[in-house]
Number of protein chains: 2
Amino acid sequence: MRVAELSRRSGVSVASIKYYLREGLLPPGELTSPNQAHYDEEHLRRLRLVRALLDVGGLTVAGARDVLATVDDEQVDLHVALGTAQDAVMASVQPVEDDASVRAEKVVADLVARRGWRVSENNAGRRAAVDVLATLDRLGGDQVVGLLDVYAEAMEAVGDREVAAVVDRDEREGSVERVVVGIVLGGALIAALRGMAQESASARRVGPSGER
Amino acid sequence: MRVAELSRRSGVSVASIKYYLREGLLPPGELTSPNQAHYDEEHLRRLRLVRALLDVGGLTVAGARDVLATVDDEQVDLHVALGTAQDAVMASVQPVEDDASVRAEKVVADLVARRGWRVSENNAGRRAAVDVLATLDRLGGDQVVGLLDVYAEAMEAVGDREVAAVVDRDEREGSVERVVVGIVLGGALIAALRGMAQESASARRVGPSGER
DNA sequence: AGACTCGGATAGTTCTACTCTCCGTTCATG
DNA sequence: CATGAACGGAGAGTAGAACTATCCGAGTCT
């Protein structure tokens with residue numbers, strides 16, 4: 001298969017495919033002559049993965065490159081892959097050191113202790129959580145903070161089941177890719193389901209008879 | 001307070017404040033003369049909200065404007081505000097009508113029926129869920145789909161508690177803003193906590209002794 | 001043989017979110 | 001009350017991200 005067919009089968013323009021090749025998201029095709037390459041089903045799969053990370057996962061091209069480099073690295077273990085994927089998904093605001101963020105750090109530390117979680121200081125989720133809580137502190141409302149334990153409980157269940165789902169498979173063989181897809185697309189799915197659950201709960205409050 | 005002080009107290013540059021004024025994210029200050037305006041604490045609050053939506057929530061300026069218009073609209077009820085905020089948060093990929101998306105729609109419809117949810121056809125979360133599931137279908141893996149009910153159960157609990165937290169307050173008076181903040185920053189917080197829970201679960205699998 | 005397509009490289013485009021510059025006015029300080 | 005800094009408002013300019021278009025000389029199809 002050459003680039004035109006890869007484009008047709010994936011729905012991605014030839015120009016974009018060339019761009020992804022340049023950026024290292026897609027490995028080069030096998031050269032049959034100095035200026036002819038051919039691509040296989042694996043390239044098609046990879047291209048679809050790239051689009052999934054960009055479109056659905058909302059990663060930047062640079063973030064996707066980092067994640068895919070981890071997927072390609074045979075050395076990397078699942079725990080490290082987890083961290084890399086999380087880094088790419090979490091929009092990191094560079095933190096300001098005011099008293100709101102100090103309080104937020106304490107809230108997170110208390111939560112971690114309370115739940116007995118084992119989370120490193122520089123886990124992407126932890127940094128993001130501090131950011132969000134500091135922002136909420138600055139906004140002055142306390143509505144979300146009251147739900148912190150509800151969220152934590154729900155996510156503990158989710159996280160456990162997700163990690164179990166990955167481990168309960170015969171070792172390696174695409175499992176890093178599964179971790180990455182799980183983190184990125186799983187996050188999008190969770191957000192989507194939250195939206196549905198919220199609307200459902202809200203609709204029930206508005207009126208059980210069914211009007212909207 | 002004039003713009004320089006607003007800038008100093010918020011940490012947002014004067015140029016950006018002017019930009020937000022132009023874009024309608026921030027209401028104009030009260031004019032004391034044709035070319036002098038003064039801003040109050042409410043403007044400061046609003047500016048912090050704007051930065052929260054943009055930085056932490058990841059909204060675009062256009063999305064934030066829509067959401068803030070809803071916050072300002074006295075007519076709008078909580079159920080509608082919920083929808084507007086969800087629309088702004090969910091990155092909508094324009095859907096392709098292939099058989100993967102047809103299957104995904106059925107999976108979502110089954111889920112909704114199974115859980116007895118009341119979700120409209122064009123709820124942002126529902127459309128996003130179809131997108132994600134169709135993408136997963138195209139990728140060929142089934143790992144995330146197996147967790148669908150785990151996610152749904154967790155989000156049902158979350159959604160119920162969130163809606164209850166909003167309703168269990170004396171009516172109106174900033175409650176639309178609370179809904180918006182809850183949806184946008186709550187989503188970021190959930191994603192962050194998932195990251196923490198995943199790392200914790202993964203660390204436990206790697207070794208209970210504590211190495212990383 | 002000749003039109004089409006290829007891979008690779010470079011330059012250009014579009015969009016978003018600012019940021020800069022300018023203008024005439026007003027405020028603040030000496 | 002002079003004068004320089006700050007103001008509000010408008011328009012143009014900029015930086016970064018993600019493509020997209022053009023060009024080239026070389027291969028491929030019929």
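Lettering follows sequence order; numbering is per chain, from 1.
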Trainee: Hey, is A:Arg194 close enough to B:Glu162 for a salt bridge, meaning N to O under 4.0 Å?
Mentor: yes

Trainee: Please state how far atom CG in B:Leu21 lies from atom C1' in C:dA17, giving the value in whole angstrom units.
Mentor: 15 Å

Trainee: Between B:Arg22 (CZ) and C:dC20 (P), how many Å, whole number?
Mentor: 13 Å

Trainee: If you draw a 6.0 Å radius around CZ in A:Arg161, do more than 12 non-hydrogen atoms from other residues or ligands fall strictly inside?
Mentor: no

Trainee: Quick one: are B:Leu53 and B:Leu49 in side-chain contact, heavy atoms under 4.5 Å?
Mentor: yes

Trainee: Could you check A:Met1 against B:Tyr19 and say which one's nearest nucleotide on DNA chain C is further toward the 5' end?
Mentor: A:Met1

Trainee: Salt bridge or not for B:Arg65 and B:Asp72, using N-O below 4.0 Å?
Mentor: no

Trainee: Output yes when B:Glu42 and B:Arg45 qualify as a salt bridge under the 4.0 Å nitrogen-oxygen rule, no when they do not.
Mentor: yes

Trainee: Taking atom types as they are modelled, would you say the side chain of A:Arg8 forms a donor-acceptor pair with the base of C:dT5 within the 3.5 Å cutoff?
Mentor: no

Trainee: Among residues 37-64 of chain B, which contact DNA chain D at a heavy-atom distance under 4.0 Å?
Mentor: B:Ala37, B:Tyr39

Trainee: Report the distance from atom CD of A:Glu5 to atom P of D:dT28, rounded to the nearest whole Å.
Mentor: 16 Å

Trainee: Answer whether the closest heavy-atom distance between the side chains of B:Val144 and A:Arg178 falls below 4.5 Å.
Mentor: no

Trainee: Are OP1 or OP2 of D:dC19 and a side-chain N or O of A:Tyr20 less than 4.0 angstrom apart?
Mentor: yes

Trainee: Students often get this wrong, so: under 4.0 angstrom with heavy atoms, is B:Ala15 touching a base, only sugar-phosphate, or nothing?
Mentor: base

Trainee: Provide, to the nearest angstrom, the distance between the CG atom belonging to A:Leu31 and the C1' atom belonging to D:dT28.
Mentor: 16 Å

Trainee: Is a salt bridge present between B:Lys106 and B:Asp110, judged by a nitrogen-to-oxygen distance below 4.0 Å?
Mentor: yes

Trainee: Could you tell me whether a side-chain N or O of A:Asp137 sits under 3.5 Å from a main-chain N or O of A:Gly140, the two making a donor and an acceptor?
Mentor: no

Trainee: Which atom pair, heavy atoms only, marks the closest approach of B:Ala154 to A:Val158?
Mentor: CB-CG2, 3.7 Å

Trainee: What does nucleotides 21-30 of chain C look like as a protein-contact string, B for base, S for sugar-phosphate only, - for none, at under 4.0 angstrom between heavy atoms?
Mentor: ---BBSS---

Trainee: In this structure, how many angstroms lie between the C1' atom of C:dC6 and the CG atom of A:Leu6, rounded?
Mentor: 14 Å

Trainee: Rounded to whole angstroms, how far apart are CD1 on A:Ile17 and P on C:dG8?
Mentor: 13 Å

Trainee: Starting at CD of B:Glu30 and ending at C1' of D:dC7, how long is that distance when rounded to a whole Å?
Mentor: 16 Å

Trainee: Quickly work out the B:Leu25 CG to C:dT16 C1' distance and round it to whole Å.
Mentor: 13 Å

Trainee: Less than 4.0 angstrom between a side-chain N/O of B:Ser13 and OP1 or OP2 of C:dT19, yes or no?
Mentor: yes

